[in-house]
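Scroll down for the structure; my scribbles are underneath it.
Indexing begins at 1, ligand by ligand and atom by atom, following the structure's order.
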Amino acid sequence: MIDMDISKIRADFPILSEKIYGKPLIYFDNAATTQKPRCVLDKITELYTTQNANIHRGVHYLSQRATAAHEEARQTVAEFIHAAAAKEIIFTRGTTESINLVATCFSELCKAGDEIVITQMEHHSNIVPWQIAAERKGLHLRIAPIDEKGDLCIKELERLLNSNTKLLAIAHVSNVLGTINPIKQIIAMAHAKNIPVLIDGAQAVAHLAVDVQDLDADFYTFSGHKIYGPTGIGILYGKASWLNKLPPYQGGGEMIQNVTFEKTTFNELPYKFEAGTPDFIGSVALATALNYIKDIGIEHIKEYENYLLQYATERLLEIPQMRLIGTSEHKSGVISFLVGNIHPYDLGLLLDKTGVAVRTGHHCAQPLIDLLGIPGTVRASFALYNTKAEIDDFIEHLQLCINILM
Ligand SMILES: *Cc1c(COP(=O)(O)O)cnc(C)c1O
């Protein structure tokens with residue numbers, strides 16, 4: 001089928017051999033966070049053990065080595081998403097902080113009455129920062145609708161983009177529906193009206209190839225912890241032309257050029273947006289994770305996860321009263337579902353007792369769940385280390401849980 005040696009890959013992830021209530025762990029909560037390969041865990045220990053020193057400051061040996069590693073990591077990230085230059089990569093704490101940065105700084109360029117467009121399928125991270133900015137600056141938030149399959153209504157979106165629209169902010173992949181949005185087409189559509197686009201790539205980068213130049217994205221954001229890297233580190237990619245236009249986000253060390261009590265001048269990109277001591281351990285560990293993925297090949301991962309998605313979808317549909325939430329033809333390995341009248345929380349709780357980790361609830365997309373008129377969903381989401389055998393076991397456990405609850 002697919003030439004990936006899954007047992008070898010699984011051996012790279014120590015946590016996968018953990019037992020849950022004495023049962024093998026079936027980790028299907030990868031859309032919430034992914035597990036870490038040993039090379040990432042080892043890198044973190046190695047850095048703290050042999051190379052810990054604050055960067056961009058010291059003249060001493062360790063500081064210089066740590067600085068070089070941090071900047072090399074920036075280069076690795078730039079290459080991974082094919083950014084034109086490393087200075088277009090800003091290290092943040094995660095997708096949430098990346099979007100807050102853009103919402104805060106970009107809205108400074110807006111005036112009352114300007115419009116920001118988002119969609120019905122956004123994560124809270126790509127809703128609330130815009131609401132706060134809108135409140136502060138008197139902006140209007142416009143919401144593009146989705147259809148019953150969970151696809152974006154492109155025509156409706158196009159209609160919303162007008163001369164007052166200052167920015168479109170949209171998920172690459174929905175964390176609830178699994179829908180992969182046709183963002184290249186959407187970006188071209190927005191650009192035809194001179195509207196820049198921010199992409200929330202939190203659910204995309206670990207699962208499909210991202211080329212920010214080919215997409216022509218103005219901003220692209222993602223989190224380290226969802227791409228086999230550590231928590232607390234994330235990425236904001238921005239075209240240099242846009243990043244230069246934005247005012248700074250936070251003030252402090254690192255982001256300055258010259259400070260007097262009268263006036264401060266700001267540092268150049270990317271440091272202008274990196275106030276304070278950066279997570280120079282997280283950045284290098286993230287680069288280690290990206291190199292791990294690169295070695296396997298993102299195209300292989302995509303193909304394999306698509307196989308898991310298709311197989312799991314088929315097997316789930318064998319279950320009576322199964323209702324899939326999100327049936328787009330273009331999906332990533334995220335399956336949200338409900339069974340009969342069973343509350344998703346009850347199902348998640350029972351599944352846990354069988355060793356299966358799934359997410360239940362509104363998945364940080366409450367407006368979408370409300371719109372669908374459901375109490376939430378059970379969500380199974382896959383990563384490169386999941387297997388067909390795990391899906392078979394999951395279906396068996398799920399049947400048992402359903403029998404108990406129905
Ligand atoms: C997880 C997620 C986020 C938020 O990421 P954080 O790592 O919590 O900052 C934003 N958008 C989507 C689509 C996500 O899945």
Quick one: does ligand 1 sit under 4.0 Å from the side chain of [X], the backbone, both or neither, non-hydrogen atoms only?
X: Ser125; result: side chain
X: Thr95; result: both
X: Arg93; result: neither
X: Glu97; result: neither

### Message
How about CD on Glu135, more than 12 heavy atoms from neighbouring residues, nucleotides or ligands closer than 6.0 Å, or not?
### Response
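No - once you tally the heavy atoms of other residues, nucleotides and ligands closer than 6.0 Å, there are 12 at most.
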### Task
Please work out whether the ring planes of His124 and His362 are parallel, tilted or perpendicular, with thresholds of 30° and 60°.
tilted
#### Entry: Considering all heavy atoms, the nearest Lys137-Ser107 contact
CE-O, 3.3 Å
### Message
Test your reading of the model: is there a side-chain donor-acceptor pair from Glu18 to the backbone of Ile15, 3.5 Å cut-off?
### Response
no
Report, in ascending order of atom number, the atoms of ligand 1 lying under 4.0 Å from any heavy atom of [X].
X: Thr96; answer: 4 (C), 5 (O), 6 (P), 8 (O), 9 (O)
X: Gln203; answer: 13 (C), 14 (C), 15 (O)
X: Ser223; answer: 5 (O), 6 (P), 7 (O), 9 (O)
X: Asn175; answer: 15 (O)

### Query
So, are Asp12 and Arg38 salt-bridged, with charged N and O less than 4.0 Å apart?
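Judged by the 4.0 Å cut-off on N to carboxylate O distance, Asp12 and Arg38 do not form a salt bridge.
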### Query
Does ligand 1 have any atom that is closer than 4.0 Å to a heavy atom of Asn126?
no
### salt bridge (charged side-chain N to carboxylate O under 4.0 Å, His left out) between Lys155 and Glu158, worked out
CA-CA 5 Å; Lys155 281 259 145 31; Glu158 186 163 29; 5.4 Å; no
### Message
With a 6.0 Å cut-off on the ring centroids, do Phe28 and Phe382 count as close?
### Response
yes
### Query
So, Tyr271 versus His56, ring centres under 6.0 angstrom or not?
yes
### Task
Measure the distance from atom 13 (C) of ligand 1 to every protein heavy atom, then report the residue, atom name and distance (to 0.1 Å) of the closest one.
Asp200 OD2, 3.4 Å
### Query
Nearest to atom 1 (C) of ligand 1, what protein heavy atom do you find, and at what distance?
Lys226 NZ, 1.2 Å
